[in-house]
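Lettering follows sequence order; numbering is per chain, from 1.
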Protein chains: 2
Amino acid sequence: MISIISEKNMLPDLFQATPTNAMRHLSLEKGQHLFHQDQKTGGLFYVEEGYIELRRATQTGELLLVHNAVKGETFAEASLFSDFYHCDAVATGDSTLIEIDRKHVLEHLQNDPNFAIAMIKHLARQNQVYRSKLEIMAIKSAPERVFSALSDDMLKGDVIALAAEISLTHEAVYRSLRKLVKQGRVVQTGRGKYSIK
Amino acid sequence: MISIISEKNMLPDLFQATPTNAMRHLSLEKGQHLFHQDQKTGGLFYVEEGYIELRRATQTGELLLVHNAVKGETFAEASLFSDFYHCDAVATGDSTLIEIDRKHVLEHLQNDPNFAIAMIKHLARQNQVYRSKLEIMAIKSAPERVFSALSDDMLKGDVIALAAEISLTHEAVYRSLRKLVKQGRVVQTGRGKYSIK
DNA sequence: CGTCCGCTTGACTCAGATCAAACTTGGTGG
DNA sequence: CCACCAAGTTTGATCTGAGTCAAGCGGACG
C-alpha cells in the first residue's frame, strides 16, 4: 500500500484551534480501559489510531456493544452533557487518542458561536452518514447492499474492510461484485478495485 | 392501546421557543415531493405524522434510499450548511410536517449559545442512537439481534414494527422471542409484550 | 525467491425468508 | 348483542441465499 500524503494530525477542523492545555494525548494498549460506566466524564475523544469499543451493561449484566470507534472518529460527544459516562470504553487494539477537555469545550461553545456552529455541522454530517449506513444495512440482498455501498463510495480500502463495514463476509462481497459486473452495473477497474458503471 | 397523555405538538424542546413566523405547517399526500435534489434549501423539518423518504440519485440515475424519516424525527439538519438540497424528499404516506426556517435557525445559532448547545445535545443524542442501531444491525443471529434490540428498549409498539426496525421478518422475530424466552433471557409479559429477564 | 496477505472461486450447510394457515383480540355496524 | 372484519400474534413447511470451509492465484515486500 502506498502511503499517500503526510498523515499528520487529522483532528477535525473544528478542533484545530483548541489550545494545547485543553487537549491530552493518550496511548492505550489492547485491552486497556479508557473509561468506565458511571465514571466522572472528562472529555470527548478523537481516535488517532486503533479501535475503541463502547459497551453498555444491561440490567442482567450482559455487555452490549454500543459503538466501535475507529481511526479518524470522534466519540463521547454526548458525555459533554452528562456528569458520568454511561458506558465502558475499551481499546480492542493498541490505540492513540486525543482527549478534549469537557469544560473547555462547554465554555468555548458558550463564547464562540462559530465554534458551536462548526460542531453542529460536524454532528449533522455524522448523522447523515449514519442514516445512510443504516439504510444500507437494512438491505437484505448482498448484491444490492454492496451496490448501495459502492454508490456511497464506501470502497476506499480493501474489499475485506468494506465487507466488515457492511457486515457481510468477504466471500459474499466478492460474489456480489462478480454478479454486479456481469449485470453491467459495476465495472472492475483493477484487482480489488470496482466502481459504479 | 390506551392513548396516554395529550399527544400535542411533540416538537423537540430546542424548537419550542421558535417564533411562529419562522415555522410553517405543511401537509403532503402520499407521493408528493417535499423538495428535490439541487433545489434551494428552505429549512429543516420535523415530522408530525407520516413518512418522508430521502433519496439520492446515483451517477447512473438509480435512486438510493438515504433515509426514511418517521413521526417525531427532525431531518435535513445538514441542509442548514448547504445552499441546495442534496437529495429528494418524498412523502410515502400522507404526512404533516413543520418546516423551520433556515435563516432563522442560523441567526438564532449565532445569537443564542444556549440554543446552539441545545442543538448540539440533540444531534449528539441522535448520533448515539444511530451508532447503537448500527451495532445492532451488525449482529447476524436473529435471536441475538432481537435480544440487543430489547435491551435497547426498541420494543415500544408492535412486534411487527420492531421487526421492520431491525430488518427482520416478523416471523423471525417471533421465533427469536420464543427461543429467548425458552432460554430464560426474556420474559413474556403479555400478548406481544416482552421484556429483558 | 519465498512468504504473507488480499483476492477469487467452488462445494456444502444452515438460518432466515417466504408461503401458508390458525388463533386471539378489538372494533364496527346491523 | 352478536356477526363480522381487520390486524397482530403464533406456528409449521419449504426454499434460497449468505455463511462456512477449503483451496488456488497474484502482487508486494523483505
Report, as yes or no, whether the 6.0 Å neighbourhood of atom CD on A:Gln183 holds more than 12 heavy atoms from other residues, nucleotides or ligands.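 For A:Gln183, atom CD is crowded (more than 12 foreign heavy atoms under 6.0 Å).
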
Answer yes or no: are there more than 12 heavy-atom neighbours, outside A:Tyr51 itself, under 6.0 Å from its atom OH?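 12 or below, so no.
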
Nearest of C:dG16, D:dT9, D:dA18 to any side-chain atom of B:Ile160?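 When the side chain of B:Ile160 is considered, D:dT9 is the closest of C:dG16, D:dT9, D:dA18.
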
Nearest to the side chain of A:Arg178, heavy atoms from C-beta on, is which of C:dT9, D:dA18, C:dA17?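 Closest nucleotide among those given: C:dT9.
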
Between [N] and [X], is there an OP1 or OP2 to side-chain N/O distance shorter than 4.0 Å?
X	N	value
B:Lys140	D:dG19	yes
A:Tyr174	D:dG19	no
B:Thr169	C:dG16	no

If we count only N and O atoms by modelled type, under 3.5 Å, do the side chains of B:Thr74 and B:His122 hold a donor and an acceptor together?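 Short answer, yes.
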
Could you tell me if B:His67 and B:Glu53 have a donor-acceptor pair between their side chains, going purely by distance under 3.5 Å?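 Result is no, nothing qualifies.
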
Quick one: [X] [atom1] to [N] [atom2], roughly how many Å, whole number?
X	N	atom1	atom2	value
B:Glu144	C:dA15	CD	P	13 Å
A:Leu177	C:dG6	CG	P	16 Å
A:Lys193	C:dG6	NZ	P	15 Å
A:Leu180	D:dA18	CG	P	11 Å
A:His170	D:dG24	NE2	P	16 Å
A:Asp158	D:dA28	CG	C1'	13 Å
B:Met137	C:dG16	CE	P	14 Å
A:Lys179	C:dT9	NZ	C1'	15 Å

What about [X]: does its side chain form a donor-acceptor pair under 3.5 Å with the base of [N]?
X	N	value
A:Gln188	C:dC7	no
B:Arg145	C:dG16	no
B:Arg191	D:dG8	yes
B:Arg175	C:dT18	yes
A:Glu171	C:dC7	no

Upstream residue (5' side of DNA chain C) when A:Tyr194 and B:Val173 are each assigned their closest nucleotide: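 Closer to the 5' end of DNA chain C: A:Tyr194.
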
Measure from NZ or CZ of B:Arg131 to the centre of the six-membered ring of A:Tyr130 and say whether it is under 6.0 Å with the direction within 45° of the ring axis.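 Not flagged: B:Arg131 not positioned over aromatic ring of A:Tyr130.
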
